[in-house]
Each structure stands twice: as C-alpha cells, then as structure tokens.
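Since the structure comes first, as structure tokens, the remarks are kept for the end.
Just so it is clear, the model here is predicted, and its values are computed rather than measured. Naming convention: chains lettered A, B, ... in sequence-line order (proteins, then strands); numbering from 1 in each chain.
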Protein chains: 2
Amino acid sequence: MAGHLQPIKLDSYKPLRELVCESIRQAIIDGTFSPGERLMEIQLADEMGVSRTPVREAIRKLELEGFVVMIPRRGTYVADISIRDITEIYEIRTCLDELAAGLAAERITPEELETLDRHLVEFGIAIAENDMEKIVEVDTAFHEVLYMASRNARLHSIINNLREQVTSIRGRSMSYPGRLTETMEEHRALVDSIASRDVERAQSAARVHIENAEHTLMKSINPVT
Amino acid sequence: MAGHLQPIKLDSYKPLRELVCESIRQAIIDGTFSPGERLMEIQLADEMGVSRTPVREAIRKLELEGFVVMIPRRGTYVADISIRDITEIYEIRTCLDELAAGLAAERITPEELETLDRHLVEFGIAIAENDMEKIVEVDTAFHEVLYMASRNARLHSIINNLREQVTSIRGRSMSYPGRLTETMEEHRALVDSIASRDVERAQSAARVHIENAEHTLMKSINPVT
DNA sequence: TAAAATAATACTGTATACAATTCTAAAATT
DNA sequence: AATTTTAGAATTGTATACAGTATTATTTTA
C-alpha cells in the first residue's frame, strides 16, 4: 500500500459501509491507492478500525461503480484505467451530457440559472488565483447544478459515476496549457444557450465541451497521439 | 412474500452472493416479489438455504442496480416503478440506443450482421406461433448482439441495466395489439441501416424504436394518457 | 375510550469465527 | 540445476453471534 487511510469517524448516522466506501473511493481517486494495487480486506479493516464486514460491502459497491476489479477467491484490485476505458467513457458522456444540457435548457429554474452564473464567476476567480482545489470544487458544483436541472435522477447518477471514474487522472488535463480558460468559455457558452432556452444550441455546446475535454485528456496522457 | 424462491444449487463455481443475487433479481422481474414488498434477510436466507452474509451482499448489488430500495436500519423493499421512472429510463435509453446503433453501424462484423438477420427471422416465426417466451428470448438475443457490436462494454452494461429495470412490466407492452409486428419492422429497419453502414439512419431507426416502445409501454400502463 | 408511555419483539448493523481455496516457498526428485 | 511436489501461510467465502435500533403490542393514564 502507498499511504494510509484515516480511521473512520462515527459521527455520522450513515452506515459504516457507506463511510468505508467513501473513504476507499477517495483514496483511489486521490492516488493513495495506485491502479493495479491489491486491496486486502483485513488490512483495510484494521487501518480504518472496523471489521471486515463493512469493508466487504463497501468493496462490492466500488466494484459496481467500476473503481475496483474483483476476481473471485483471488482478491480485489484497484481498477486500472486505460485509453480504451477513456474512449468508452467519453463516447457515452458526449451523448449523455448532450441530453442533460438539452433537458436543462427546457427545465432549469431562474434560481438555478443564477447559481450557474455565480459558479461561472467563481470559476474565473479561481483560475485567476490559480487555486487548483477551488477550481475543481467550483467545476464540480457547476456540473452538479446542471445535471440536477435535467430533472432526471438516473441520468445524474450515471454521469456522476462516469465522471468519477476519470477523476483520478483529470488533474492532468486541468493543468494542460490553456485548457482552463477554454473550459470557462465553453461553460459560458453552455449557460448562455441554456439561459436562452435554446435546446439545440445547449446540446451542441455540451457536445463540444465534452469532446474537447476528452481530446485534452488524451493529449495529456499520450502527447504523441 | 408472494411465492417462494428455489433453494440455491451449488453446482456453479460462482460465489454464492452471485447466485443469490440472480435468484432475487429474477424473482423481482417475474413478479414473485411485488413492488413495495419488504425483503427480509433472514427469511430470504432461510428460503435459499444460505446464511445472511451472501444475501446481504446480493441486496447491496441489487440496490445499485435499482431493483430494491434500502432504508438504513429500516429494511429493504422491492423498488416500485413509477411513470416518472419510465420517463427517466426512456429519456436515457433513447439517447444511448441511438449511440449504440450508430457505433454498431461503424463496427459490426459480417458474422454479427448474419446473426442479427437470423434473429430477425426467428422473431418472425415466434410471432407467428405466438410463443411469448420465445419472443422475449429472441428479442433479448437480438439486442445483445447489437449492443455487443457497439464495442463499448460500459454502454452495453448501462443499457442492459436500464432494460432490466423495466423488464417486470415490459410483458404488458409486448401484448399490446399490433406492437409485435411493429417491433419487427423497426428491428428490420435498424438492421438494414446498420448493414448499409448508414450511421445517421441507424441512429434514427434506433430512436424511433425506443420512442415507440416507450409510447406503447405508457399506453399499456395508463390507457387514458 | 383514546392517547401516551413502556416493554417486548424482531430486524438490521457489525464483529468474529470457521471453512475452503489459493498462493508461497521449501523440499524432493529427475 | 531445474522442475515438480507438497506442506504451510495467508486470504477470501460463508456462517454465526452479539449489539443497537425501530416497530409493535400492551399497559397505564387521562
């Protein structure tokens, strides 16, 4: 194992398995656990100060979410993300984000539009200050509002899951030269078209945004291609 | 509980949790468990002749798949599918099936095309014989080949999951007057456009197919609308 | 008689114990 | 020396036991 997990705090009402799941997921996303690394139940349980039961249940969930791979009787391994995976994920996201944007253009409330605008401003400030943590935070909040506005909970959760699966490597594309300002412009175009209730334009803006994100991600992984 | 589950057979190499999961899922799909019905771990375990542990893990998986709803410390209930759910699911499927059809038009092999054709013929025979079981079987096989041909495993599994979530009520739309022959015509149009590698037409055929399926399903649930 | 309080019951959440399998490594054989 | 065999250790799969909480029923009180 690379680093170590923080012990689980029991302040929450949530079941332990949820806390354990979130903790392991976070560790995978932030790189504490490397791709391909084996995750052993007893070890994880000891580190977090819980028994194997909630750890097992957490791992089952992470498997469904695509963060780990389980081989029966052999163990659990942190999923290794490949070029193929990225291609698959963005093929789907291009399509789903387009859908979400179109629905949002039809269903968003004035309050939500205001929130989007605010996030847009915050995003600009975060970029100016080069505050990476803030950037990621605002970006996440921005998309959260957008997906919420689509009024389709399943769509929201499917996209979120796909987003999370590339989170561990998204940092690289974020730091790609010029990508951040480009991202902001794309976000602005998206908000504009949604604000004017233009479904077609919103869809196209979303498609462009996702396609560009994919290209940047690909370039940042393999500059040759 | 309505009926009862068959005891788990241990002939397979699969972990018990998988067998238990499939058994419960099947029972939900075929109506052995009704929507809203409470699922109790001890009872399920006893009926299948296993302990609570694999049952719990199976339930966790079914929750992720959307077949059951868990309320912490309160229990697990068979998910109740609503008009809202159907709308959500078909909004997504319209988009994903369009994607899958487009990709299939680009990536399908001649062998797969042949298989699709064969399924098309079988479907016609099954309709002529009014063999409902066969119809469902061939329909499933048909779509399976199609999604496989998209060469996107995630897309395949997301669509399959969405399909399964309405399986329990799909029987009704199947028996809607005239829907079966309509379905076959739509399938044929889809195969034709894929065979001629026409991405646009394949997408449009898929969209039409899903939209019609939704409309029929809605009508069969609520004839007034 | 109705409502509230309390006790009993039953279920879920978590921990631990046992069984079965697989991996590791050491020893034996070719 | 290399390969196979075999014994041990470690890990996952499953079962069971215990703890905590929610529900239900009963009793008490207004």
Side-chain angles (χ1 to χ4, degrees), chain A residues 1-2 4-25 27-28 33-34 36-64 67-79, chain B residues 1-2 4-25 27-28 33-34 36-64 67-79:
Chain A
M1 55 176 165
H4 45 121
L5 303 162
Q6 62 276 42
I8 295 294
K9 60 245 166 169
L10 345 80
D11 56 336
S12 170
Y13 176 69
K14 283 188 198 172
L16 265 186
R17 60 173 177 275
E18 283 301 322
L19 302 177
V20 170
C21 182
E22 285 163 21
S23 177
I24 299 176
R25 190 197 290 120
I28 292 174
F33 293 132
S34 316
E37 185 172 343
R38 182 168 183 186
L39 297 182
M40 280 175 299
E41 297 170 0
I42 300 172
Q43 195 172 299
L44 291 172
D46 286 350
E47 274 187 70
M48 299 195 233
V50 300
S51 81
R52 273 179 64 209
T53 308
V55 171
R56 281 179 67 82
E57 297 186 350
I59 287 176
R60 298 291 167 275
K61 188 168 178 183
L62 292 169
E63 186 196 14
L64 265 287
F67 287 103
V68 304
V69 176
M70 288 193 49
I71 307 171
R73 291 249 163 237
R74 297 278 301 269
T76 304
Y77 299 83
V78 176
Chain B
M1 52 171 169
H4 46 119
L5 303 161
Q6 64 275 46
I8 296 293
K9 61 249 163 163
L10 348 79
D11 56 335
S12 171
Y13 176 70
K14 283 188 198 171
L16 266 185
R17 59 172 178 277
E18 284 302 321
L19 301 176
V20 170
C21 182
E22 285 163 21
S23 176
I24 299 176
R25 190 197 291 118
I28 293 175
F33 293 131
S34 316
E37 184 172 344
R38 183 169 183 185
L39 297 182
M40 280 176 298
E41 298 171 359
I42 299 173
Q43 196 172 299
L44 292 172
D46 287 349
E47 273 186 74
M48 299 197 233
V50 299
S51 81
R52 273 179 64 211
T53 308
V55 171
R56 281 178 66 82
E57 298 186 349
I59 288 176
R60 300 289 168 275
K61 187 168 178 182
L62 292 169
E63 186 196 14
L64 265 286
F67 288 104
V68 304
V69 177
M70 288 192 48
I71 307 170
R73 291 246 162 244
R74 297 278 299 271
T76 304
Y77 299 84
V78 177

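- Although no hydrogens or angles enter the test, the distance criterion places no donor-acceptor pair under 3.5 Å between the side chain of Gln43(A) and the main chain of Met40(A).
- A 4.5 Å side-chain heavy-atom check between Leu39(A) and Tyr77(A) finds every atom pair outside the cut-off.
- Of all nucleotides listed (dG13(D), dT14(C), dA15(C)), dG13(D) comes nearest to the side chain of Arg52(A).
- Here Glu63(A) pairs with nothing under the side-chain hydrogen bond (donor to acceptor under 3.5 Å, both in side chains) rule; sequence neighbours left out.
- Distance Tyr77(A) OH to dT11(D) C1': 10 Å, rounded to the nearest Å.
- Counting heavy atoms from C-beta on, the side chains of Arg60(A) and Lys61(B) never come closer than 4.5 Å.
- Between the C1' atom of dG13(C) and the CD1 atom of Ile71(B) lies a distance of 16 Å, rounded to the nearest Å.
- Residues Arg38(A) and Val78(A) are not in side-chain contact: their nearest non-hydrogen atoms beyond the backbone lie 4.5 Å or more apart.
- A heavy atom closer than 4.0 Å to some atom of DNA chain D occurs in Arg56(A), Arg60(A), these being the qualifying members of residues 53-62 of chain A.
- Between Ser23(A) and Met48(A), the closest side-chain pair of non-hydrogen atoms falls below 4.5 Å.
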Which protein N or O atoms sit under 3.5 Å from an N or O of nucleotides 8-11 of chain C?
residue : atom : partner  : partner atom : Å
dC11(C) : O3'  : Arg38(B) : NH2          : 3.3

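- Side chain of Arg17(A), nearest nucleotide from dT14(D), dG13(D), dT14(C): dT14(C).
- Paired with Asp46(A) under the rule side-chain contact (heavy atoms from CB on, under 4.5 Å), one option of Ile42(A), Val50(A), Leu44(A) passes, and it is Ile42(A).
- With sequence neighbours excluded, the residues satisfying salt bridge (Lys or Arg N to Asp or Glu O under 4.0 Å) with Arg52(A) are Glu41(A).
- When the side-chain hydrogen bond (donor to acceptor under 3.5 Å, both in side chains) test is applied to Arg17(A), no partner is found at least two apart in sequence or on another chain.
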>> Output the pairing pattern of DNA chain C as a dot-bracket string, 5' first, Watson-Crick or G-U wobble with both distances under 3.5 Å, | for cross-strand pairs, [ ] for crossing pairs.
In response: ||||||||||||||||||||||||||||||

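- Atom NZ of Lys14(B) and atom P of dT21(C) are 18 Å apart (whole Å).
- Glu57(B) places none of its side-chain heavy atoms less than 4.5 Å from the side chain of Pro54(B).
- Here the closest non-hydrogen pair linking Ile59(A) and Val68(A) is O-CG2, 3.9 Å.
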